[in-house]
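Small disclaimer: the values here were computed from a predicted structure and weren't measured. For the numbers below, each heavy atom of this structure counts, side chains included, while hydrogens, waters and symmetry mates do not.
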Amino acid sequence: MTTTHSISRMSDPGRYVPELKDVSAALFRATGNQSVPRTTINLIHLRAGQIVHNTYLTMLNTAFLRKAGESETRITAVASWQDAPYFTDAERAALALAEATFQPAPHGRERVTDEVYAEAARHYDEKALATLTVAIGQIGFFSALALIGKPQPVESLADEQWD
């Protein structure tokens with residue numbers, strides 16, 4: 001990807017905190033335990049990137065979904081998944097769980113309600129629920145790096161992302 005100017009705020013944080021690679025690898029291993037389809041994880045990561053308004057996360061997870069063979073229709077519809085007919089009930093439950101985690105709650109209400117959790121529990125066993133929780137935490141972790149450091153948008157983790 002070619003840009004005319006740098007948008008990154010910091011150089012590669014992994015250069016200064018080399019343990020970051022270990023943390024990242026551990027999170028990817030934890031969410032790759034096959035209890036939740038990788039596509040579902042990428043869908044919730046894409047939605048989180050949209051919610052926090054981060055181009056890096058949005059482009060990266062869009063590219064992951066394309067590489068996995070997802071249709072442009074489904075990828076585009078993630079932003080309005082609630083009324084889109086393209087998602088399974090299990091995917092909807094995962095998207096609702098992620099959205100509840102990342103969206104502000106109405107005053108005096110909790111973000112992840114018992115109803116949202118119960119719907120996810122209808123579709124995922126305990127291992128899968130734990131994996132979804134880790135996947136949501138994973139994107140929260142990377143959201144902080146992306147929002148603060150503002151790496152260059154990329155379509156592959158192999159692409160250069162930091163100046």
Side-chain angles (χ1 to χ4, degrees), residues 1 20 23-159 161:
M1 179 174 159
L20 182 58
V23 171
S24 178
L27 287 169
F28 277 102
R29 278 193 314 275
T31 60
N33 65 25
Q34 300 181 359
S35 64
V36 177
R38 178 54 64 186
T39 298
T40 301
I41 291 171
N42 289 132
L43 289 170
I44 65 173
H45 285 181
L46 173 56
R47 184 65 189 126
Q50 293 169 340
I51 291 167
V52 301
H53 302 284
N54 186 266
T55 301
Y56 172 81
L57 294 172
T58 301
M59 286 183 62
L60 182 65
N61 286 289
T62 296
F64 285 158
L65 288 162
R66 284 183 181 133
K67 186 174 181 181
E70 285 299 320
S71 70
E72 289 301 315
T73 301
R74 274 176 45 95
I75 293 169
T76 302
V78 168
S80 58
W81 65 269
Q82 297 91 339
D83 67 353
Y86 312 113
F87 304 101
T88 68
D89 289 343
E91 289 168 335
R92 289 177 181 289
L95 286 162
L97 193 61
E99 192 160 290
T101 302
F102 284 98
Q103 293 279 27
H107 181 71
R109 308 231 11 219
E110 65 182 334
R111 288 181 183 212
V112 180
T113 64
D114 290 341
E115 293 80 14
V116 168
Y117 183 85
E119 183 61 19
R122 282 187 48 226
H123 300 283
Y124 297 99
D125 64 21
E126 289 183 20
K127 181 177 181 177
L129 277 171
T131 301
L132 277 173
T133 302
V134 170
I136 291 167
Q138 176 185 30
I139 198 63
F141 175 81
F142 288 118
S143 292
L145 288 171
L147 291 167
I148 295 167
K150 202 174 180 183
Q152 295 285 341
V154 296
E155 294 183 7
S156 166
L157 287 176
D159 293 344
Q161 49 196 310

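A donor-acceptor pair is defined here as one N or O able to donate and one able to accept, closer than 3.5 Å; no such pair exists between the side chain of S24 and the backbone of L20. The backbone N or O of K150 lies less than 3.5 Å from no partner atom in the side chain of Y56, so there is not a single donor-acceptor pair. At distances below 3.5 Å, at least one donor-acceptor pair connects side-chain atoms of H45 with backbone N or O atoms of A135.
The two atoms that bring R111 and T101 nearest to each other are NH1-O, 2.8 Å, heavy atoms only. Nearest heavy-atom pair, T73 versus Y86, reported as atom, atom and distance to 0.1 Å: CG2-CZ, 3.4 Å. Across W81 and R92, no two heavy atoms sit closer than the pair O-NH1, 2.7 Å. Considering all non-hydrogen atoms of both residues, P151 and A146 come closest at CD-O, 3.5 Å. Pairing each heavy atom of Q50 with each of V78, the nearest pair is OE1-CG1, 3.6 Å. Considering all non-hydrogen atoms of both residues, L132 and A94 come closest at CD2-CB, 3.9 Å.
Note that CD1 of I75 is 10.5 Å distant from CG of N61, once rounded to the nearest 0.5 Å. The line from CD1 of I44 to CZ of F102 is 8.5 Å long, rounded to the nearest 0.5 Å. In this structure, CG in L43 is found 5.0 Å from CG in L65, a value given to the nearest 0.5 Å. Between atom CZ of residue F64 and atom CE of residue M59 there is a gap of 12.0 Å, rounded to the nearest 0.5 Å. The distance from the CD1 atom of I148 to the CG atom of N54 is 11.0 Å, given to the nearest 0.5 Å. Between the CG atom of L97 and the OG1 atom of T133 there is a distance of 6.0 Å, given to the nearest 0.5 Å.
Residue-environment remark: CD (Q34) stays at or below the threshold of 12 foreign heavy atoms within 6.0 Å. Annotation for Y117: atom OH does not count as buried by contact number, only 12 or fewer foreign heavy atoms lying within 6.0 Å.
Pairs engaging residues 57-83 under the salt bridge (charged side-chain N to carboxylate O under 4.0 Å, His left out) rule: R66-E72, E70-R74, R74-E91 [sequence neighbours left out]. The salt bridge (charged side-chain N to carboxylate O under 4.0 Å, His left out) analysis of residues 36-47, with sequence neighbours excluded, yields the pairs R47-E99.
Legend: residues meeting salt bridge (Lys or Arg N to Asp or Glu O under 4.0 Å) with R29, ordered by chain and number and at least two apart, are absent. Residues satisfying the side chain to side chain donor-acceptor pair (under 3.5 Å) criterion with T131, sequence neighbours excluded, are N33, S35. Take R109 and apply the side chain to side chain donor-acceptor pair (under 3.5 Å) test, not counting sequence neighbours, and it matches no residue. A search for side chain to side chain donor-acceptor pair (under 3.5 Å) contacts involving E115 returns T113, not counting sequence neighbours.
T31 is not listed as a side-chain neighbour of V36, based on a closest heavy-atom distance of 4.5 Å or more.
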